[in-house]
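Below, read A as the first sequence line, B as the second, and so on, with proteins coming before strands; counting in each chain starts at 1.
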There are 2 protein chains.
Amino acid sequence: MSERDLSPTQQRTRAALLRAGIEVLSNDPSAPLGEVASRAGVARSTLHRYFADKTALTAAITEFVTAEHDDALHRADLTEGTGLDALRRLALELMDRLDVLAWFLGPALLVEGLHSGSIDDMTGEPDPAVLDAAARGIADGSIDPALSPQWCESFVWSVLFSANHAPAASGMTTTEARSQAMRSLLKALAADPAAVR
Amino acid sequence: MSERDLSPTQQRTRAALLRAGIEVLSNDPSAPLGEVASRAGVARSTLHRYFADKTALTAAITEFVTAEHDDALHRADLTEGTGLDALRRLALELMDRLDVLAWFLGPALLVEGLHSGSIDDMTGEPDPAVLDAAARGIADGSIDPALSPQWCESFVWSVLFSANHAPAASGMTTTEARSQAMRSLLKALAADPAAVR
DNA sequence: CCGAAATGAAACATGAGCGTCCTAAAAAAC
DNA sequence: GTTTTTTAGGACGCTCATGTTTCATTTCGG
């Protein structure tokens, strides 16, 4: 009861609402629903016709973003090549979806809107595939053995966060931020940082 | 009208409220004020006696955290030594204050609670002293010339963010996270990453 | 121990966002 | 061009956090 069984028209408005929800709620999780609606170019009542609750909206958004994340994970093909190369491909894929994945960098880290609003629930998403790739990288000598797989994953997201906010915060362009982010990421993770072109 | 002219008793409750405010509101900026009060072990009316508005509370918190940040900046003595060493000292000082500086890593980045709640207001705090140190590091050959000063600063905060959340997200200890964070930071920024012990 | 200061607890009015519902208008499908 | 679908634009009651006020109680200072 989430996506199919919708007319083409409905699918587009639904998609617009999800996009708007990500844009608005990523910057201010407590923003009124009316703001999401107007951002989507839609009346508040219409939003409510597609998503009953605010929780229903956030759940749908999370589902949507998760799908995008899974797609990135799939295309990165983490089981291929050295561990470092896998994480490099992953970071590149994730960067191409930063506008959507901002959802994971904003409210999801703090509120984790799905279930509860409680404090200290498991923030972020420790993905086993990423942990495996990092562990493999440490084993195959491509990733710095002084780093733990958990840190590697956390660090990847940290760099993505910076790459996403740096353009707005300081005055650098998106491409500048991304290239420097990739360089910083690889140098930090590599067992042999000098080999980073 | 902010801190002095307070009895010792009042100073302690005020400090407790600020601490509680940081703890609670950093994780959920839209948390009820009653939650802040109870966290401080104080009645909601008492909180309101110290801070009229919610904006007054957040402003006082920001002032308090900013003071702590300035102190870290002072102790780091950014004008001393190479640029990379300066940033290293800065990161260490900031890490010792992560519990307080979490305020800058959470709501302040998104809501920037002081003035408006609008979107795309200047997120974060581009500090000229840090930019200068980074620029000096690039000039003196200690910092990777492929990185811009703006990115260096953004990256420092990014790593701090990760060091703060990694323990909760994955299962690593605080000391693990901090040591790996420092290593990652230095390797990424250094012009000669191999020289990082 | 006693006056002053500080707090706890509760009641209260207010406003904002939410969720529901309804009707006329617009847009799409045929 | 007509029918069906989808939307806009409200009105409405509800909940909840907020901010204010008052009064009894506790704690502090000398």
Side-chain angles (χ1 to χ4, degrees), chain A residues 1-21 23-61 107 110-111 113-119, chain B residues 1-21 23-61 107 110-111 113-119:
Chain A
M1 65 173 235
S2 49
E3 193 172 350
R4 286 299 173 196
D5 315 347
L6 288 184
S7 92
T9 310
Q10 286 175 320
Q11 289 194 21
R12 282 187 292 113
T13 53
R14 188 187 135 96
L17 282 169
L18 291 179
R19 291 280 177 177
E23 292 178 21
V24 171
L25 297 177
S26 288
N27 290 44
D28 181 9
S30 68
L33 286 185
E35 209 160 322
V36 176
S38 67
R39 174 69 69 100
V42 150
R44 191 170 69 95
S45 60
T46 302
L47 184 154
H48 233 268
R49 198 177 296 121
Y50 282 81
F51 308 101
D53 278 330
K54 188 168 197 170
T55 74
L57 175 62
T58 59
I61 290 178
L110 309 173
V111 183
L114 296 162
H115 13 55
S116 70
S118 182
I119 315 175
Chain B
M1 66 177 228
S2 50
E3 192 174 352
R4 285 298 172 193
D5 314 347
L6 289 183
S7 93
T9 310
Q10 285 176 318
Q11 289 195 20
R12 281 188 293 113
T13 53
R14 189 186 134 96
L17 282 169
L18 291 178
R19 291 280 176 177
E23 292 178 21
V24 171
L25 297 179
S26 289
N27 291 45
D28 182 8
S30 68
L33 286 185
E35 209 160 321
V36 176
S38 67
R39 174 68 70 99
V42 150
R44 193 171 67 95
S45 60
T46 301
L47 184 154
H48 238 201
R49 200 173 288 123
Y50 281 80
F51 307 101
D53 277 335
K54 190 169 198 172
T55 73
L57 174 60
T58 59
I61 290 179
L110 310 173
V111 183
L114 298 162
H115 14 54
S116 70
S118 182
I119 315 174

Does OP1 or OP2 of [N] have a side-chain N or O of [X] closer than 4.0 Å?
{"X": "A/S45", "N": "D/dT7", "result": "no"}
{"X": "A/T46", "N": "D/dA8", "result": "yes"}
{"X": "A/K54", "N": "C/dC18", "result": "yes"}
{"X": "B/S7", "N": "C/dA6", "result": "yes"}
{"X": "B/Y50", "N": "C/dA6", "result": "no"}
{"X": "A/H48", "N": "C/dT20", "result": "yes"}

- Would you mind classifying the nucleic acid contact of A/T9 as base, sugar-phosphate or nothing, using non-hydrogen atoms under 4.0 angstrom?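 Sugar-phosphate only.
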
- Which is true for B/F51 with a 4.0 Å heavy-atom rule: it touches a base, it touches only sugar-phosphate, or it touches nothing?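 The answer is nothing, as B/F51 stays clear of every strand by at least 4.0 Å.
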
- Nucleotide nearest A/T13 when distance is taken to its side chain, options C/dA11, C/dG19, D/dT7: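 From the listed options, D/dT7 comes nearest.
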
- Task: Look at the side chain of A/Q10 and decide which nucleotide, out of D/dT6, D/dT20, C/dG8, has an atom nearest to it.
- Result: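 The listed nucleotide nearest to A/Q10's side chain is D/dT6.
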
- Query: Looking at D/dG19, does its base get a donor-acceptor pair with the side chain of B/R44 below 3.5 Å?
  - Reply: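 Between D/dG19 and B/R44, which were checked side chain against base, a qualifying N/O pair under 3.5 Å is present.
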
- Query: Are B/D53 and B/T58 side-chain neighbours, meaning at least one heavy-atom pair lies under 4.5 Å?
  - Reply: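 They are not in side-chain contact.
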
Rounded to whole angstrom units, what separation is found between the [atom1] atom of [X] and the [atom2] atom of [N]?
{"X": "A/L47", "N": "C/dC18", "atom1": "CG", "atom2": "P", "result": "10 Å"}
{"X": "A/D28", "N": "C/dG17", "atom1": "CG", "atom2": "C1'", "result": "13 Å"}
{"X": "A/D53", "N": "C/dC18", "atom1": "CG", "atom2": "C1'", "result": "10 Å"}
{"X": "A/L33", "N": "C/dT20", "atom1": "CG", "atom2": "C1'", "result": "14 Å"}
{"X": "B/L25", "N": "D/dA17", "atom1": "CG", "atom2": "P", "result": "14 Å"}
{"X": "A/R49", "N": "C/dA26", "atom1": "CZ", "atom2": "C1'", "result": "12 Å"}
{"X": "B/L6", "N": "C/dA6", "atom1": "CG", "atom2": "C1'", "result": "12 Å"}

- Under the side-chain hydrogen bond (donor to acceptor under 3.5 Å, both in side chains) test, residues paired with A/S30 that sit two or more places apart: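 A/S30: side-chain hydrogen bond (donor to acceptor under 3.5 Å, both in side chains) contacts with A/D28.
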
- Under the side-chain hydrogen bond (donor to acceptor under 3.5 Å, both in side chains) test, which residues partner A/R44, sequence neighbours left out?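 By the side-chain hydrogen bond (donor to acceptor under 3.5 Å, both in side chains) rule, A/R44 matches no residue at all.
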
- Considering all heavy atoms of both residues, which atom of A/A20 and which atom of A/R39 are nearest to each other, and what is their separation?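 Minimum heavy-atom contact is CB-CG, 3.7 Å.
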
- Query: Taking for each residue the nucleotide of DNA chain D with the nearest heavy atom, is it B/G34 or A/V42 whose nucleotide lies nearer the 5' end?
  - Reply: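 Closest to the 5' end, via its nearest nucleotide, is A/V42.
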
- Query: Checking B/S7 side chain against B/Q10 main chain: does a donor-acceptor pair fall under 3.5 Å?
  - Reply: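 Judged by distance alone, yes, a pair lies under 3.5 Å.
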
- Taking the nucleotide of DNA chain C with the closest heavy atom to each, which residue, A/A31 or A/R12, is nearer the 5' end?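 Upstream on the strand: A/A31.
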
